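These notes concern the structure reproduced below.
None of the values given here were measured: they were computed from a predicted structure. Indexing begins at 1, ligand by ligand and atom by atom, following the structure's order.
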Amino acid sequence: MTIPPEAAQSFVSKYESLVAPKEKAVGEAWWKLATTGSEEAQKNMVEAGKAYNETFSDEADFAEISRFHEGRASLEPVLRRQVEVLHRTFEASRGDKETLENIEELEAKANSIYGNHRGIVGGEEVGENRVREILRHSDDEELRREAWEASKTVGREVEPVVRELARLRNKVAREQGYANHYLRSLALQEIEADELEEIMSGLENATDEPFRELKDSLDEDLKKKFDTNSVMPWHLFDPFFQEPPEQAGLDTDEYYAGGDIERLTIKTYDNLGLDVRGVVRGSDLYERDGKDPHAFCLHVGRDFPYDVRVLANLRPGNPDSYWANTMLHEFGHAIYDRHINPSLPFFLRSVAHTNSTEAIALMMDGLTEDPGWLEAVANVPKSEIDEERLAARRRADGLVFVRWAMVMYRFEQALYEDPDRDDLNSVWWDLVEETQFVNRPEGRDEPDWAAKIHVAVAPVYYHNYVIGELVAAQLRRYMESNIARGPFYLSESAGRYLIESFFGPGARDGWRDTIARAVGEELNPDYFVKSLR
Ligand SMILES: [Zn+2]
C-alpha cells in the first residue's frame, strides 16, 4: 500500500495543533497539583487529562492513522517515525471513555494519597524525609521498626485504589487484544517481552552469587550492630531495601556538610558545558508543607525555549547525599529535555524513550559515588575520600538495585495477571525473600507492595531503570574512551557529544537505534555487569 505523503503530513499537522495546547495544560495542571496538593488542583488535573485523552478518541481518525501506519514503509523516515509515534499515542489512549475517566480519577486519587499521607512515629506525624533519616542513622531498634512500619501504612489506605486501577487497566488492554496491561504496556513502549525477560533473568543469574555474598556480609554487620540473630527489614537502610547500607566507616552525607546542593548541581552541569540555571529558575526545589514529597522532572509543552522544571524537597540547612543524588538525577532528565533539537517536528521533539532519559539521569546520579567527581567537583578533600569503600559501595548499589528491580518486575507481572488474587501480600513477600534475601516479619500480611508509589502511578516502568543502567554504563564507557579521553564529567566535549548524539535527535529514531548510533554498537549489558564484579 502506498500512502500519499501529503495526506499523512496533513494528518500529523492537524494533530500537532490539537495536541500541543492540551499536552501543555496537562503539564501545568500536574505541576500545580504537585506543588499545592489542593483539591482544586486535583480536579483541574483530572479535567486536563480527560481533555488530552479525548483528542485521541475519534474513531475515524484512528482508522486513518492505522492505515498510514500500515503503509508507513513507503514514507520517508522522519514522516514515517511521526506516524509511528502518533499511532502509538492513539493506541495508548484507546479504551472506552468511562473506564479511561475512572483510571484518570483513580490515578489522581492515588497521587494525592501518597502526597498527603503521613505515618506516625513516636506519636507524631512524619513525612518520608524523616523516615529515611531514621532508617539511615538511628541505632534505636524500636524507633527503626516504628519508622519502617509507618512507611508502610499508606499501603493499606491506597490498596483498594491500586487493585481497582489494575483491574481497569487490564480491561482496557483486553479490549485491545492483549492478555493484560503489562503486556500492552510493553508493546506500547516498543519493548519485546521475551527480550526483556532475557535481559532480566540474565541479570538475575549474573548477580545471584555476588549478591548472596554481599547480603551475607551486610547481615553479619547488622547482627553485630543490633545484637540480634535475625536481620529484619527495619535494620536495613530504607523502606524497600533499594539501597545498601553505608559501608561501615563511610558516611557519604559528610561530603555535603555545610554545602549547597543547588549550587553543586549547577556546577556539575557547568563542567559539561550544560547550563541548568534556566531550569533552576522555573523549579520548586525546597521542602514545604502541602507539596509532593518526592522529586521529578517535568517538561511543560514542547515550545522552544523549552519549559522544563524540577520538583525536589531539599532542606537548605541539611544537605545530604540522598538529595545530591536525586538532584543530579532529575537535572539529568532536565538537560536531555532542554537540548532536543527544536527544529524536529512536534511529535519527535521528545526523548527517544523513557529508558534513554533514565540512562542520562542514572549516569549523572552515579557521580555521587565517584571519587573523581567528589574531589574535583564537590570539593571533598582527597584525604577524606575513601576510594576503596566507595568502590565497594558502588558495587553494592548496583547489586541491591538489580535485585530490588527484579522484585518490582516480577510482582507487577503477577499483579496484572490477576489483580483480584487474595494472596498478593504473600506474592510480594515471597519475591522479597527469594530475590532480596530479606526476612518477612513473622505473620506479616499487609499490602506492603501498595506502599510503593510506582505500583500505582508509574506502572510497568521499573524495567526502564534497569535498561537505563545498562545504557548509562555503556554510554559513559564510550564517552570516556572515545570523546572525553578521561572523566566525562569534566569534559565540555562530552557535553557537546551528548547534545549532538543523544539529546538532539530526540525521538527521530527508536530507542535502540538512538543508542546504537550514539555508541556504535547495540545495547550491551556487559558493561554494567562488569561494573558489579
Ligand atoms: Zn528518573
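A ring-ring contact (aromatic ring centres under 6.0 Å, His included) check over residues 464-483, counting only residues at least two apart or in different chains, returns the pairs His454-Tyr465, Tyr461-Tyr465, Tyr462-Tyr465, Tyr478-Tyr497.
Around the CH2 atom of Trp30, the shell of radius 6.0 Å holds no more than 12 heavy atoms that belong to other residues, nucleotides or ligands. When the shell of 6.0 Å around CD of Glu197 is examined, it contains more than 12 heavy atoms from other residues, nucleotides or ligands.
Listed by chain and number, His329 NE2, His333 NE2, Glu358 OE1, Glu358 OE2 are the protein N/O/S atoms closer than 2.8 Å to the Zn ion (ligand 1), with waters left out.
In summary, the side chains of Asp509 and Thr514 do not present any donor paired with an acceptor at a separation below 3.5 Å, with no hydrogens or angles considered. Between the side chains of His117 and Thr153, a donor-acceptor pair is found at a separation under 3.5 Å.
For His463 and Tyr409, the gap between ring centers reaches or exceeds 6.0 Å.
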